[in-house]
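This is a predicted model, so every value here is computed, not measured. Just so you know, these numbers use all the heavy atoms, side chains as well, and skip hydrogens, waters and symmetry mates.
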Amino acid sequence: MLGLGTGITYGNAIGGWSPESVARPPTLWFRRNSGIISSESGDGTSYSPVRSSEIGNLSDEDKIEQWTGQGGTALNFRQETPADMPRFETDTADLGALAFPQAAKFMDLQEAGGSTTTVNFTGQFTMLVHCRPTDLSAARALLGDTDTEFLRFGGGGAELENTIRMKIDNNAVNFTNGSANFTTSEYVSIMVTRDENNLCKLFVYSNTHSSTASGLEWGGETTQAGTVSISNLGSQADDSNNFQGFIATVVVWAAALEAEDRTFAFEYARQRP
C-alpha cells in the first residue's frame with residue numbers, strides 16, 4: 001500500500017489512484033482550482049466571457065458562480081445570486097479553494113442543464129470534505145439539504161470544536177473526540193462512511209490529527225439507517241448554520257471506503273492540481 005509520505009502524483013491521480021478508482025465511481029467530485037467559473041469580480045465588475053480556473057484568469061475575491069463536477073460526474077454546485085456566491089482565493093496557503101468569508105455564502109447542487117437537484121443515499125456512502133474553517137463559534141455546515149439532513153462542524157450545546165454532527169432522516173449522529181479539537185489554523189479532511197450494516201464512522205486527517213495514513217477515527221461508531229440527502233454546499237439548509245472558511249475538495253461515493261482507499265483519498269485531498 002502506498003503511504004501518505006510518498007508524494008507520488010500523476011495529474012489528478014496519486015500513484016495511479018483517483019476518486020474514480022473506487023469500486024463505485026463518485027457521485028460528486030469537486031477539486032480546488034478546477035472547474036471554477038466566475039462572471040463577476042469582487043467589486044461587481046461583470047466578466048464577459050466568464051473567467052475560469054482552466055483559463056487561469058481568475059482574480060482574488062472573484063465571485064464563484066459555478067464549481068463544476070470532475071470526471072464523469074454530471075452535477076455542479078452553482079449560485080445564481082452574486083451576494084451569496086463564495087469567492088476565489090489566491091493567497092498561497094488557500095490557493096484555488098472556495099472562500100466562504102461571511103457565513104452568508106452557499107451553493108446549490110444543479111444538473112448540467114441548470115435544474116436544482118438532490119442526491120440521495122439509502123445505503124453505503126462516503127463523504128470527504130477537505131477544508132479549513134476560520135470560525136467555529138457556531139455550528140458550521142459543510143453539506144446539507146434541510147435541517148434534518150446535513151453534515152456539519154458542531155453538535156449540540158458547547159460541542160462546537162470537537163464534534164462533527166451528521167443528521168440522517170432527522171436522527172443526529174454525533175462524532176465527538178473528548179481529547180482533541182478542530183482549529184482554524186489548518187486544513188483538515190473530514191470523511192464519514194456508512195457500510196452495508198449501516199455502521200457510521202468518522203475519520204479525520206490533518207497535520208495534527210494523523211494517527212495512521214488512513215486517518216484518525218474520531219468519536220464512536222453509530223448504527224443509523226435512513227436516507228442521506230445532499231442539495232447544497234456550505235450551509236445546512238439554504239442560509240442556516242453557514243460555513244465560514246475555505247473548502248478545497250468534496251468527493252462523495254455510494255460506497256464505504258476501506259483503509260487503503262481512505263489513505264489514497266486523504267492524500268488526494270491534500271494535493272494541488
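Summarising the geometry of L128 relative to A265, their closest heavy-atom pair is CD2-O, 3.9 Å, with the distance given to 0.1 Å. Considering all non-hydrogen atoms of both residues, T92 and R272 come closest at O-NH1, 2.7 Å. The two residues S235 and A141 have their closest heavy-atom pair at C-CB, 3.4 Å. Contact between Q79 and D108 at its shortest, heavy atoms only, is NE2-OD2, 4.3 Å. Contact detail for V50 and I55: the closest heavy-atom pair is O-CD1, 4.3 Å. Annotation for N170 and E149: closest pair N-OE2, 4.1 Å, computed over non-hydrogen atoms.
By the 4.5 Å heavy-atom criterion applied to side chains, F77 and L109 are counted as neighbours. Contact of the F203 side chain with the R262 side chain is registered, since non-hydrogen atoms from C-beta on lie closer than 4.5 Å.
Ring centroids of F246 and F100 are separated by 6.0 Å or more, keeping the two rings apart. In summary, the aromatic rings of F30 and W67 are positioned with their centroids under 6.0 Å apart.
One distance of note links CD1 of I37 with OG1 of T68; it measures 4.0 Å at 0.5 Å rounding. Atom CG of L216 sits about 7.5 Å away from atom NE2 of H209, to the nearest 0.5 Å. Distance check: E80 CD to T116 OG1 gives 8.0 Å after rounding to the nearest 0.5 Å. How far OG1 of T117 is from CD1 of I230: 11.5 Å, rounded to the nearest 0.5 Å. D43 CG to S59 OG: the interatomic distance, rounded to the nearest 0.5 Å, is 10.0 Å. With rounding to the nearest 0.5 angstrom, the CG atom of L233 is 9.0 Å from the CZ atom of F243.
Put simply, the side chain of N241 never gets that close to the backbone of R152: no donor and acceptor are under 3.5 Å apart. Formation of a donor-acceptor pair under 3.5 Å by the Q66 side chain with backbone atoms of R78 is not found in this model. Checking side-chain atoms of S53 against main-chain N and O of G56 turns up no donor-acceptor pair under 3.5 Å. No side-chain donor-acceptor contact under 3.5 Å links T208 to the backbone of S206. With hydrogens and angles disregarded, a donor-acceptor distance shorter than 3.5 Å links the side chain of Q124 to the backbone of A256. Judged by distance alone, with hydrogens and angles left aside, the side-chain atoms of S38 form a donor-acceptor pair with the main-chain N or O of K63 at under 3.5 Å. When atom types are taken as modelled, the side chain of R51 and the backbone of N57 share a donor-acceptor pair closer than 3.5 angstrom. Not a single donor-acceptor pair under 3.5 Å links the side chain of D94 to the backbone N or O of D91.
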In residues 156-166, what donor-acceptor pairs under 3.5 Å come from side-chain atoms, sequence neighbours left out?
residue: N162; atom: ND2; partner: N177; partner atom: O; Å: 3.2
residue: T163; atom: OG1; partner: T176; partner atom: OG1; Å: 2.8
residue: R165; atom: NE; partner: N174; partner atom: OD1; Å: 2.7

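Side-chain N/O atoms of D145 and S231 include a donor and acceptor closer than 3.5 Å.
Comment: R132 does not engage E186 in a salt bridge, judged by the lack of any side-chain N to carboxylate O separation of less than 4.0 angstrom.
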Verify side-chain hydrogen bond (donor to acceptor under 3.5 Å, both in side chains) between N198 and T223, making sure each step is shown before the conclusion.
CA-CA 5 Å; N198 293 315; T223 299; over 6 Å; no
Show the numbers, then the answer: is there a salt bridge (charged side-chain N to carboxylate O under 4.0 Å, His left out) between R87 and E61?
CA-CA 5 Å; R87 308 302 173 91; E61 291 290 316; 3.5 Å; yes
For S39 and E65: C-alpha separation, side-chain torsions, deciding distance, then whether side-chain hydrogen bond (donor to acceptor under 3.5 Å, both in side chains) applies.
CA-CA 7 Å; S39 59; E65 174 184 317; 2.6 Å; yes
Would D62 and Y47 count as a side-chain hydrogen bond (donor to acceptor under 3.5 Å, both in side chains) if you check the C-alpha gap in whole Å, the side-chain angles of each, and the deciding distance to 0.1 Å?
CA-CA 10 Å; D62 278 355; Y47 294 143; 2.8 Å; yes
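For the ring-ring contact (aromatic ring centres under 6.0 Å, His included) test with W218, the passing option among F182, Y205, F175 is F182; the others fail.
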